[in-house]
Number of protein chains: 2
Amino acid sequence: MRLTTKGRYAVTAMLDLALHGEKGPVNLGDISSRQHISLSYLEQLFAKLRRQELVSSVRGPGGGYLLGRSGAEIYVAQIVDAVNESVDATGCNGSTDCQHGEICLTHHLWCDLSDQIHGFLNGISLASLIQRREIQTISARQDKRYRDERISVTEIEDAHAAF
Amino acid sequence: MRLTTKGRYAVTAMLDLALHGEKGPVNLGDISSRQHISLSYLEQLFAKLRRQELVSSVRGPGGGYLLGRSGAEIYVAQIVDAVNESVDATGCNGSTDCQHGEICLTHHLWCDLSDQIHGFLNGISLASLIQRREIQTISARQDKRYRDERISVTEIEDAHAAF
DNA sequence: CTTAATCCCGACTAAATTACTGGGTTAAAT
DNA sequence: ATTTAACCCAGTAATTTAGTCGGGATTAAG
C-alpha cells in the first residue's frame with residue numbers, strides 16, 4: 001500500500017467526478033482546471049482508472065467520464081491501487097523467498113500493518129467522504145447562496161479589482 | 001500523509017529495533033543485514049528519527065540505537081512523518097490561498113481523508129504491532145528453536161542442496 | 001460531410017525523490 | 001593505539017512523478 005501524490009491526484013479527481021458527474025459526463029479539461037492537474041497527466045490516470053472499471057468514458061463532444069458505479073461502491077483503496085498498479089513489491093514478494101526466522105518476522109510485521117492500512121482505506125467510499133463534508137458545509141452553502149446568484153456579475157468586477 | 005517505501009524502511013527498521021533492542025543498543029550494521037537496507041541509507045533515516053527523539057544513540061564500540069521511549073508510546077504515524085519530514089505540501093497550504101467554492105471543496109475532502117489516515121496510523125504503536133504478531137508466531141518459534149540451534153551447520157548443507 | 005470536442009495512445013522529457021556510495025570526523029571501549 | 005561504532009556531508013545512479021508533444025479514433029452537432 002503506497003500513498004503518494006499520484007494517489008492524491010487520483011482520489012481528488014474521482015471526488016471531483018463524484019461531485020460533478022450526476023448530470024452527465026465530466027470532461028477532463030474541466031477537472032484539470034478545477035483541480036489544477038495537467039490534462040495529459042489526468043489522461044494517464046484515467047486510463048488506469050478505466051482499466052479497473054472505476055470510471056466509464058463517453059467519447060465525442062459533450063462526452064467525458066462517469067463513475068463506473070455508485071460512489072458508495074468505490075473505495076479509496078481501489079483508487080489508490082489502480083493508479084499505483086501495485087506490483088506488490090514488498091521486498092519479499094509473496095512469502096517464498098523469505099529467509100528463515102528473524103528477517104521474515106519483521107517483514108511480516110510490516111505486512112500486517114500494510115494490510116491494516118489497506119483495510120482501513122477499503123472502508124472509506126467516495127460517497128461517505130462527500131456526505132460527511134456535505135453535512136459540515138450545508139449551512140455555509142445556504143448562507144452563501146444569495147451571493148452565488150449574483151456572482152456572474154460580481155466576479156468580473158472582482159477580477160478587475162484584483163489588478 | 002505520504003506512505004512510500006521510505007516510510008516502510010523506517011517502520012521496518014524501528015520494528016527491528018523494538019524486537020532486538022531490549023538488552024542494549026542495536027547497531028545499524030545488524031539492522032542493515034537483517035532487513036537488507038543499505039547502511040548509509042539507514043544512517044540517513046536514523047538521523048531523522050533521532051531528531052524527532054524516536055531513537056537515542058550510543059556511540060563507540062558496543063554502541064548503536066535504542067528506542068527513544070517505550071514501544072507503546074511510538075506510533076507508526078510519527079515514524080512515517082519523521083522520515084518524510086512532511087512539509088505538508090497539500091497543494092493549497094493551510095487554507096488561505098484557496099479560491100472560492102468548488103476548488104476548495106474537493107481539496108477539503110482530500111484533507112479530511114488525509115486526516116483520517118493520519119489518525120489511524122497514530123493509533124498503531126510499535127508495541128501493538130509486535131504483540132499481535134508475537135502471539136501468532138510464538139508457538140511457531142518454540143517449535144523451531146531446536147532447529148535454530150544447529151542452523152550454523154545445516155545452512156551450509158542447505159546452500160549446497162540448492163544447487 | 002465537415003468540424004470540433006473529446007477520449008485515446010505512445011514516446012519523450014524534466015523534475016523530484018529514493019536509495020545508495022564513498023569520503024571523512026568524532027566518541028568510547030578494549 | 002586501535003577498533004568500533006555513530007555522525008556528517010557531498011555526490012550520484014535509479015526510479016518515480018508529472019508533464020509535453022504529436023498524433024490518432026470516435027461521435028455529436030451544424
I'd like to know if A:Arg59 reaches the base of C:dA5 with its side chain, counting only an N/O donor and acceptor under 3.5 Å. no
Partner residues of B:Tyr75 under the ring pair (Phe, Tyr, Trp, His ring centres under 6.0 Å) criterion, sequence neighbours left out: none
On a heavy-atom basis, which atom in B:Ser57 and which in B:Tyr65 lie closest, and how many Å separate them? CB-CE2, 3.7 Å
[X] [atom1] - [N] [atom2] separation (whole Å):
X       : N      : atom1 : atom2 : answer
A:Asn27 : D:dT26 : CG    : C1'   : 15 Å
B:Tyr65 : D:dT4  : OH    : P     : 18 Å
A:Asn84 : D:dT15 : CG    : C1'   : 14 Å
B:Leu28 : D:dT4  : CG    : P     : 16 Å
A:Ile31 : C:dT6  : CD1   : P     : 12 Å

Residue from B:Leu54, B:Leu42, B:Ile74 passing side-chain contact (heavy atoms from CB on, under 4.5 Å) with B:Leu49: B:Leu54
For B:Lys6 and for A:Arg51, locate the closest nucleotide of DNA chain C by heavy-atom distance; then report the residue assigned to the nucleotide nearer the 5' terminus. A:Arg51
Side-chain N or O of [X] less than 4.0 angstrom from OP1 or OP2 on [N]?
X       : N      : value
A:Ser57 : C:dC8  : yes
B:Arg8  : C:dA19 : no
B:Arg50 : D:dC8  : yes

A:Pro61 has a side chain; which of D:dA28, D:dA6, C:dC8 sits nearest to it? D:dA28
Which nucleotide, C:dC9, C:dT18, D:dT17, lies nearest any side-chain atom of A:Thr4? D:dT17
Please report the interatomic distance CG(A:Leu121) to CG(B:Leu113), rounded to the nearest 0.5 Å. 6.5 Å
Interatomic distance, CG@A:Asp16 vs CH2@B:Trp110, rounded to 0.5 Å, equals 14.5 Å
With sugar-phosphate meaning primed atoms plus P, OP1 and OP2, does B:Gly64 contact a base, only sugar-phosphate, or nothing at under 4.0 Å between heavy atoms? sugar-phosphate
Interface residues of residues 37-48 of chain B with DNA chain D (non-hydrogen, below 4.0 angstrom): B:Glu43
Answer yes or no: is there a donor N or O on one side and an acceptor on the other, between the side chain of B:Asn84 and the main chain of B:Arg2, under 3.5 Å? yes
Would you mind telling me which residue lines up with the more 5' stretch of DNA chain D, A:Gly60 or A:Gly7, judged by nearest nucleotide? A:Gly7
Step through the shown structure and confirm whether more than 12 heavy atoms of other residues, nucleotides or ligands are within 6.0 Å of CD on B:Glu22. no
